Each structure stands twice: as structure tokens, then as C-alpha cells.
Amino acid sequence: MKRNKIIDILSAETTGSRITVMGWVRTRRESKGGFSFIEMNDGSCLSNLQVIVDDKLENYETEVRNLQTGCSIRVIGTLVASPAKGQSIELQAEEIEVYGWADPDTYPLQKKRHSFEFLRTIAHLRPRTNTFGAVARVRNAMAFAIHTFFQKRGFIYVHTPIITGSDCEGAGEMFRVTAFDLENVPKKNGETDFEKDFFNQPAGLTVSGQLEAEIYALSMGDVYTFGPTFRAENSNTSRHLAEFWMVEPEMAFCDLEGNIDLAEAFLKYLFDDLLKNCEEDLAFFNRFIDSSLLETLKTLISEKYERLDYTEAIKILSKSKQKFEFPVHWGCDLQSEHERYLTEKVFNKPVVLTDYPREIKPFYMKVNEDGKTVRAMDLLVPKIGEIIGGSQREDDHDMLLERLKETNLPPEDYWWYLELRKFGSAPHAGFGLGFERLIQFVTGLSNIRDVMPFPRTPGNVSF
RNA sequence: UCCCCGGUAGCUCAGCUGGUAGAGCAGGUGGCUGUUAACCACCUUGUCGGCGGUUCGAGUCCGUCCCGGGGAGCCA
């Protein structure tokens, strides 16, 4: 089945050629002048192709007049200049074949706006809408740009495991992976006997590929992972999913500053790539979702991101006249309201916060010489909050051991992680970027469930 | 998990202090038109989220459960 894609047809704008187009009917309007206008879309781009169907076609009365939103068709015809406003070219149909009907009495999508809440209940049909088609293309473009960015810089793409025996940060509820018959779980002294399970030990779905990425960084230099991660947290917000994708670069012979430099260059590259390659979809989001989107993205490419350490941030927050629900003091974890105040009120651009108190950050972050803070960095953007979190890693064996103990993690579980600091240890750093939060940010969509094709949240695994 | 708001036609919603349901869109029919979220006229459509209670009477009040949204916590 050879077909021409609408994106190519519309960008070439060559009339006279005979082409074959396949896609789905968005709308059909009838003219008593003896023809129909069909708007068809094939997913290749946001724009529809206007098809003119003359009533002289043999199946005009029997089929064409019954075409409704959602039907799939093949059109063979000739491209001609359009005499009316709204489009420069259109397809004069010579033959129309209907592949599949969509009964308007039961087809849920109509040629009108639907609420995102409703569309979530029909995730199998929502990519046929303008918004979700655009999201799918932007997601694709961003995934491709992520690989391109790292490949251009010589980073090695490492496939870290999905099923893991280690619970990375000692935090974040893991989904359990088991081959047990749940009706009949083997017990030993009253407790589950994991030695009898598939892996002879407890296993789960990964919450991060970072620790494994560090292994490869400390042999390959610059590496990155890009894959799904899972959190069994019962969090019900517009920014959390139980299954989401994360990008995690990890670099040997790199400190915190180099890490921040990469993060900033990374985001700027992605935004720039998007403006160049997804112009039409971005214009759509700018028009219907967030009218400041294009301006924001352009600003983020040109502006230097604000960098300040945690201690300074606390000073700014305590001096401000803003009333916070959670009072600020040195040592406290920053709340959403504090982050938003810094990004939206104080600086009005992305802010990179560094050097947090060691008590509120994970064990693997490098402890500073002051002994009180760690080489952590959070990249905060307006509205979304934290989009990137990273750190320079602790490369001193004894300090890492001390940190494991003080956070109540069993060092024996991290024996291989400790050995990386025993044999040829090197300064290294990396960060994680939540892919869906990035897509949220660049589309302006407020709910993360609308940027994931099939979102998994507490109580929801449909589709 | 906590706090707030909501669940009424296929979709988006209105329905005041309790009296037994309505508008737009969609769909059908007709008209008009190189139309473009077309337009005009007429017509069809509801266990008012579930269960229980108060009342002569509940979409409306009370209880409870389920689902959705916003915010918080946790985080990416």
C-alpha cells in the first residue's frame, strides 16, 4: 500500500501530481453545488488535507455522503490549487475507498472540543485529536533530540536494568516483581521465603538507573540512560506517574559545575530543536493551551540560568515579605511554594539550587568540605518546579560508607557500589530529567496524564 | 494519604431558598452555501454516579461509598 503523507504534500505544495492519501476523516461538509469537502488527517502533521469529492463519483451517494468524523479512507486524486481561502492546495478526488466506518451515534469523538478528563477515558481514540496528535509528535521529537544531543557529545547509551534487586535511593516505594503464586506464597519462619522466588531474593521494578549508570561512567567516561522507571508511591498530583521515563547522564571526571553546565546546555538544545522541528505543533499549543509558551521557550534558550546555593536561597526566602505556609529555616527542605516563589517571583527564569544540607539529600551525593552540605543541584523551572535533579557523587569510599550508615542503609547491599570507590575511583557527576515533565513544560499541558500515551496512576492501568 | 471542589442527554454545562429536567454542540430531516469548529428551521435523546436516610414529595437536604478535578505531602 503505497501512500503519500500529508506532511510531505503540504510542504511541497506542488500541484498537478496524482497522489494517494490514507487517513481519517475529521469533518465532511456538503455543498449543494454538487460536491463534498472532506478534511482528512493522517497523523503525519497537525494540518488536515482538504479533499474535494465531486458527486459524479460512483460511490458518492452510497458511501461518500455517509462519511463522518472518524471514518478511515483512501483517496486517489490530483493536487490542485485551492480557489478559496484557508488552504493553498487541495486534493481533487478521483477515487475514494472506505476502509472503516465510524457510526456517529456511538463514535465518542466529535468535531468539537472535548475535555481532557473525558479524553483520558478513551485513551485508545484520543491520539486522533489535534492535541494528543501534537503531543505524540512532540514526545517523539524530544526523544530523538535527547539521543542526538548525547550522541553528538560522544556519550554512550547504556541500557540499565528494568528489573532490579537494588533499591537505588533507599527511598521511593518499589513495585515488587515476583513469580510466586500469590495464593500460595512460600513461607519460612512465618515470613515470605524469597529464596524460593525466581531470583532467589526480593526484586522490583527500577526506580532509577543511576547506580548502574555510574558503573559504566567509571569505565566509559560519559554515558546516559533513557528508559522507563517505576514508583509505587500513592501520589495523586498532576506531576506524578507510577510509570514514567527518565533521562540520566553520568560523567566521569566531572564536578558539580560541569554537571550544571551540561544540564543547561541540554535543556537549551532541546528547546531549540523543538522550535525548529515542531513549529506547527508548538504554535497550536501556544494558541490553545498556553499563550506564553513560545515566548517562554525562546527566553529559556537565550537566558543564563540563575545559580545559587541553598544557603543563599534560604536567606532570600526568609527576607521576603511573602507569607509561606511552611516557614523557612536553614536545614528545612524546600516546598513547592518556595521553589515557585524563587522561579516565578524573584528571578522569573530557571533557577539552579546547589549545596543542600546533607540531612535532606540521599547518601550518594558528595559531601562538601564544610561537612554540612552536599554537592546537589536542582534545576527548577517556573510552574513545573523541579525538572532536573542531580549531584556530584561521593567518590570517597569511607565517606560513602559513613553516609550509608547514617541513612540506615545496609552497606552489604551496596558492596559493588562501594567497590567502585575502592578501585580506580574518580570524581563523577550526573543528573536525572523526568521526560514527561519536560513534555509538560514544552507543551504547556497542566496534567502529566495528558503527555503520557497510557498513564499509570494509583487505581488506573486501563489500556 | 490529607484538604477543597465536582459527578445532570453521546459531549460541554444550567437547574434560586425541596414540587418531579433544560440549553448549546453532536445525531436525524429539510433549506442554503467553494465550505473550512459553516449557517438557518424543525425533530430525537436522560434509572440527575451507587446505596441508604429525612420528607406528602429529593437533581436539590443528610450519611456513606465510588469516580473525576485542583492543591498538599513524596518526588522526576
Side-chain angles (χ1 to χ4, degrees), chain A residues 26-40 47-54 66 68-70 80-87 90 92 102-122 125 129-130 168-169 171-173 207-210 228-248 288 324-326 333-340 360-362 378-381 384-390 431-441 446-452 457-460 462:
Chain A
R26 282 294 173 79
T27 70
R28 187 183 62 86
R29 294 178 291 276
E30 209 168 272
S31 168
K32 275 295 181 299
F35 54 93
S36 283
F37 298 97
I38 296 175
E39 296 259 0
M40 66 184 291
S47 293
N48 300 321
L49 180 66
Q50 174 160 286
V51 180
I52 311 298
V53 193
D54 200 277
N66 295 320
Q68 301 277 12
T69 306
V80 296
S82 179
K85 284 180 183 173
Q87 60 284 316
E90 60 191 27
Q92 182 70 50
D103 181 0
D105 285 336
T106 47
Y107 186 61
L109 291 175
Q110 298 165 9
K111 47 181 179 182
K112 59 166 256 182
R113 260 187 111 141
H114 292 88
S115 67
F116 291 141
E117 293 79 25
F118 170 66
L119 291 172
R120 265 169 232 155
T121 67
I122 49 167
L125 297 171
T129 64
N130 284 336
C168 173
E169 307 180 11
E173 289 293 312
V207 295
S208 164
Q210 182 199 314
T229 44
F230 309 86
R231 307 270 167 99
E233 294 284 354
N234 184 17
S235 50
N236 274 298
T237 83
S238 54
R239 305 181 306 280
H240 290 83
L241 292 168
E243 176 181 312
F244 64 100
W245 284 63
M246 196 148 59
V247 186
E248 293 172 291
F288 292 106
F324 295 115
E325 191 188 338
F326 296 89
D333 210 349
L334 292 181
Q335 307 293 322
S336 296
E337 55 173 346
H338 306 137
E339 297 179 350
R340 293 192 68 153
I360 61 172
K361 287 291 180 185
D378 282 357
L379 198 157
L380 314 172
V381 292
I384 308 284
E386 184 183 339
I387 196 170
I388 283 178
F431 62 79
L433 166 88
F435 186 57
E436 281 70 26
R437 291 203 180 159
L438 172 76
I439 305 301
Q440 267 191 283
F441 189 71
S446 54
N447 197 312
I448 200 165
R449 294 160 198 221
D450 298 325
V451 300
M452 184 66 143
T457 51
N460 196 342
S462 302

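Everything quoted here is computed from the prediction, not taken from an experiment. First the proteins, then the strands, lettered A, B, ... as listed; each starts at 1.
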Original post:
So does Arg29(A) get a side-chain nitrogen or oxygen closer than 4.0 Å to the phosphate oxygens (OP1/OP2) of rA38(B)?
Top reply: yes
Subject >> Separation of atom CG in Asn460(A) from atom C1' in rG69(B), rounded to whole Å >> reply: 14 Å
Original post:
Rounded to the nearest Å, what distance is computed from the CD1 atom of residue Ile122(A) to the P atom of nucleotide rG10(B)?
Top reply: 14 Å
**OP:** Determine which nucleotide pairs with rU35(B), using a 3.5 Å limit on both distances of a Watson-Crick or G-U wobble pair.
**Re:** none
**OP:** Please measure how far the C1' atom in rG18(B) lies from the corresponding atom in rG31(B), and state the result in whole Å.
**Re:** 45 Å
Subject >> C1' spacing across the pair rU33(B) / rG19(B), given as an integer number of angstrom >> reply: 48 Å
Original post:
Backbone N or O of Gln335(A) within a donor-acceptor pair of the His338(A) side chain at under 3.5 Å?
Top reply: yes
Original post:
Does Glu248(A) use its side chain to pair, donor to acceptor, with the backbone of Gly209(A) at less than 3.5 Å?
Top reply: yes
Original post:
Which heavy-atom pair separates Leu334(A) from Glu339(A) by the least distance, and what is that distance?
Top reply: O-OE2, 4.2 Å
Original post:
Where the side chain of Glu117(A) is concerned, which of rU35(B), rG69(B), rC11(B) is the nearest nucleotide?
Top reply: rG69(B)
Original post:
Under 4.0 Å: is that the gap between some side-chain N or O of Gln110(A) and OP1 or OP2 of rG27(B)?
Top reply: no
Subject >> Under 3.5 Å on both distances, the Watson-Crick or G-U partner of rG73(B) >> reply: none
Subject >> Distance, C1' atom - from rC5(B) to rA9(B), rounded to whole angstrom >> reply: 24 Å
Subject >> Nearest listed nucleotide, side chain of Arg239(A), among rA38(B), rA72(B), rA76(B) >> reply: rA72(B)
Subject >> Identified pairing partner of rG24(B), criterion: Watson-Crick or G-U wobble below 3.5 Å >> reply: rC11(B)
Original post:
With both distances under 3.5 angstrom, what nucleotide forms a Watson-Crick or G-U wobble pair with rG63(B)?
Top reply: rC51(B)
